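Predicted, not measured: the structure shown is a model, and the values here were computed from it. So you know, we letter chains A, B, ... as the sequences are listed, proteins then strands, and number each from 1.
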There are 2 protein chains.
Amino acid sequence: MIRSGKRQKHFTLKTFLCYYYTNTSNNGVKLKKRFQNPSIKDIAREAGVAISTVSNVINKKGVVASQTEQKVLKALEKINYRPNIIARGLRTRSTKSIGIIVQDIANPFTSHIIKGMEEVARKRGYTLLIACTFYNTEDEKKQVDVFMDQVIDGFIFLGGYDNSPVVRQVYNQGIPVVSVDREIEDTDVPSVLIDNQEAMEKAVDYLYGYGHRKIGFVSFRFEKQTTTRNRYMGYCSGLEKNNLDYDPEVIIIDDYMRLNETGGTFEIIKKFLKKGVLPTAFTTISDVNAFGILKALKAGGIRVPQEVSVIGFDNVFFSNFTEPPLTTIKQPKKMMGKTGMNLLLDLVEKKKVDKKNIKLATSLVERDSVGPPPKK
Amino acid sequence: MIRSGKRQKHFTLKTFLCYYYTNTSNNGVKLKKRFQNPSIKDIAREAGVAISTVSNVINKKGVVASQTEQKVLKALEKINYRPNIIARGLRTRSTKSIGIIVQDIANPFTSHIIKGMEEVARKRGYTLLIACTFYNTEDEKKQVDVFMDQVIDGFIFLGGYDNSPVVRQVYNQGIPVVSVDREIEDTDVPSVLIDNQEAMEKAVDYLYGYGHRKIGFVSFRFEKQTTTRNRYMGYCSGLEKNNLDYDPEVIIIDDYMRLNETGGTFEIIKKFLKKGVLPTAFTTISDVNAFGILKALKAGGIRVPQEVSVIGFDNVFFSNFTEPPLTTIKQPKKMMGKTGMNLLLDLVEKKKVDKKNIKLATSLVERDSVGPPPKK
DNA sequence: ATGAAAGCGCTAACAA
DNA sequence: TTGTTAGCGCTTTCAT
């Protein structure tokens, strides 16, 4: 309800010029009807030029005589005018805002990506609309519609289930969209990703290099999530590459850790420990899961990395502050956000983009949670 | 650039009814000019009623004969119509969106507050615009203007420096605003806060109860931030209450930890350790700072809590996964977010609010980072 | 109860 | 080069 005249309590510089008089049925007397922010009309009147001329000056369009321009500029300076984006949006169908659909804004991985996005969006003059869907595909669909109603300039889908029909639908409507950390099978849709398989393979290689031969994998289920599935694929191909057997006994896949990664993993691994079969090292799909493993291991009196090694994925900030500090695969979070947003805005602004499916490099951060396996 | 006809590539159910013909200068031939989403006009035409009647049905306003209503409903069902919020906003000056100004969206404390906000906003049909200012007061001012241009329904200022003039200005313009985790001196402005002083006093009491008599305090500078200053006040009053001396030697206040809380604190405390004066316990203004203390202590070979105790503030998720798990003051983060957003939306919707300055309760979460001081 | 029409503030097409 | 005007899609007022 911004700028609703009735709630305006003070005269401000912004408004002092802008009340106007209009006929009402009140005995034909002209009454002060409402306050509002200055509009382009006020500027035009003040400068003594046409509305469209003001518009041209503001948007640096058309040709305006420098003398006229001066007049407008002067009026603009005198009156603290700000164009109404909503009104402009109604005409131009652009509101300088980007909708971001994310699973969980409080997740330390995604929140850093968003931070990167926010940074470039703001720098380029766009505003961020954010909605969280908590892995609810229906909600995601609904939220897309809500954003459509708001008339946004573009979409970013950040992480979560593939849910490509929704992305596709947006894409098909000709709305700029990029998928970040979400692998859509069709590569028409612009994307910013990492090579999840290669990254996880790197982790297995690293563990193998330390002498590990019985390497576990812990994850939630990944039928609907290609990113995660590809990490699993990387785990498998890493095994294969190093001639290691695929051992279902040390592969723990359970959806219980889906929405409560750390706590869920903790429980699952604690239970797993009771079985008495132990890999010499754990791989997992994210740091927040690794934290749960670490804690369960500690609770079970198992030392890391002396008895069991653990390697994470993401390189979340807190990986540096666990005990021991977590060795992990680093995803360039902020860069993913920035790259994704720049790509999207280039699309929005119809700039030439030479690469619309971008893969960013990962790296391995060595800390202290991986060591050689214990000697028998 | 949503719904820009030129980029529409496919016919969809949504659009099939909605291309129309118009004269162009092209030899006087009528040309298909553009696609668009169905508008209220299309519904009106389909139902054979007036536009305003459709509007009335949609908004459940005025009186519509049930027969007419049925016709409209039927048309509505046939055509997948969605009102254009932007156009509506132009008239009503309400876009069902809330602007949130926050320092750092990736901070684990604020991100959980925002999560709470998002939850209720979405439930109540509002969208979130988010901007980060990174403690830059100028940016904050600018961002307020950007949000104004967007015509949002209300503001939330979340954390950060007091910067009350900006908040005041918004408030004075009659725009609904609430301040969350940000203490503005004037209580006209609705707010959701905790009692920072009482909370920190609680921490000191707790430490005192364990036998600590030399209690440190670590913080960045707080001239411009009342929340933090009040925690300091709580530290002081806690000391006083328990007849403890105020000892500047163990009070570490340094802005170096402002924007890099954990890393900065780590450095500062590492340096501090060299001085050789050590409190038996540390209080600090947030968990992320406590993590730095923990790590510095560990680096210095000092055991927690056997030699030195540490108590945090916030109860961030990861406090549970440090070594040792961090004892801390819990702030009801999600609740703060939800309460703040509910308050704001009540204000926006002009509902009766019986309490516009809300204080939420904190509690102390006992984990393992506090123990009795070492015996001499 | 229903419809016609006037804007909201802006841009863009076109006339002058 | 400048001004006039027709919308964008909606709500709201006022006739009917």
Is there a side-chain contact between K41(A) and the phosphate of dG9(C), meaning an N or O under 4.0 Å from OP1 or OP2? no
Which residues share a side chain to side chain contact (heavy atoms under 4.5 Å, CB included) with S52(A), sequence neighbours left out: A50(A)
Heavy atoms only, 4.0 Å cut-off, all strands: where does N56(A) land among base, sugar-phosphate and nothing? nothing
note: R82(B), atom CZ; dC8(D), atom P; distance rounded to Å ~ 21 Å
Would you mind reading off the distance between R45(A) atom CZ and dT4(D) atom C1', rounded to a whole angstrom? 17 Å
N84(B) CG to dT11(D) C1', in whole Å, measures 13 Å
Any donor-acceptor pair under 3.5 Å linking the side-chain atoms of S94(A) with those of T92(A)? no
Less than 4.0 angstrom between a side-chain N/O of S55(B) and OP1 or OP2 of dC10(D), yes or no? no
Check the distance between dG9(D)'s C1' and Y81(B)'s OH and give it to me in whole angstrom. 7 Å
From dT11(D), dT2(D), dT2(C), pick the nucleotide closest to the side chain of I40(B)? dT11(D)
Starting the side chain at C-beta, find the nucleotide from dA1(C), dC10(D), dC8(D) nearest to R93(A). dC8(D)
Side chain of R91(A), base of dG7(D): donor and acceptor closer than 3.5 Å? yes
N/O (side chain, R88(B)) to phosphate O (OP1/OP2, dG9(D)) under 4.0 Å: no
Want to settle it: does I51(A) or V63(A) sit nearer the 5' end of DNA chain D, counting the closest nucleotide to each? V63(A)
Interatomic distance, D42(B) CG vs dG9(D) P [rounded to whole Å]: 9 Å
Ignoring hydrogens and angles, answer whether the base of dT1(D) and the side-chain atoms of T53(A) contain a donor-acceptor pair closer than 3.5 Å. no
Whichever of Q67(B) and K61(A) has its nearest DNA chain C nucleotide further upstream toward 5': Q67(B)
Side chain of T92(B) only, please: which of dT12(D), dA12(C), dC10(C) is the nearest? dT12(D)
Could you tell me whether D145(A) and K142(A) have a side-chain N and a carboxylate O separated by less than 4.0 Å? no
Can you tell me the distance, in whole Å, between the CD1 atom of I85(B) and the C1' atom of dT11(D)? 13 Å
Between dG9(C), dA1(C), dC10(D), spot the one nearest the side chain of A87(A), thanks. dG9(C)
Can you tell me how far the CG atom of D153(A) sits from the CG atom of L347(A), to the nearest 0.5 Å? 12.0 Å
With DNA chain C as reference, determine whether S66(B) or L90(B) sits nearer its 5' end, using the nearest nucleotide of each. S66(B)
To the nearest angstrom, the NZ-P distance between K71(A) and dT1(D) comes to 14 Å
Do NZ/NE/NH1/NH2 and the carboxylate oxygens of D346(B) and R124(B) come within less than 4.0 Å? yes
Can you tell which of dA12(C), dT13(D), dT11(C) lies closest to the side chain of S52(A)? dA12(C)
Between E138(B) and K141(B), is there a side-chain N and carboxylate O pair less than 4.0 Å apart? yes
Specify the separation, in whole Å, of atom CD1 of I86(A) and atom P of dC10(D). 14 Å
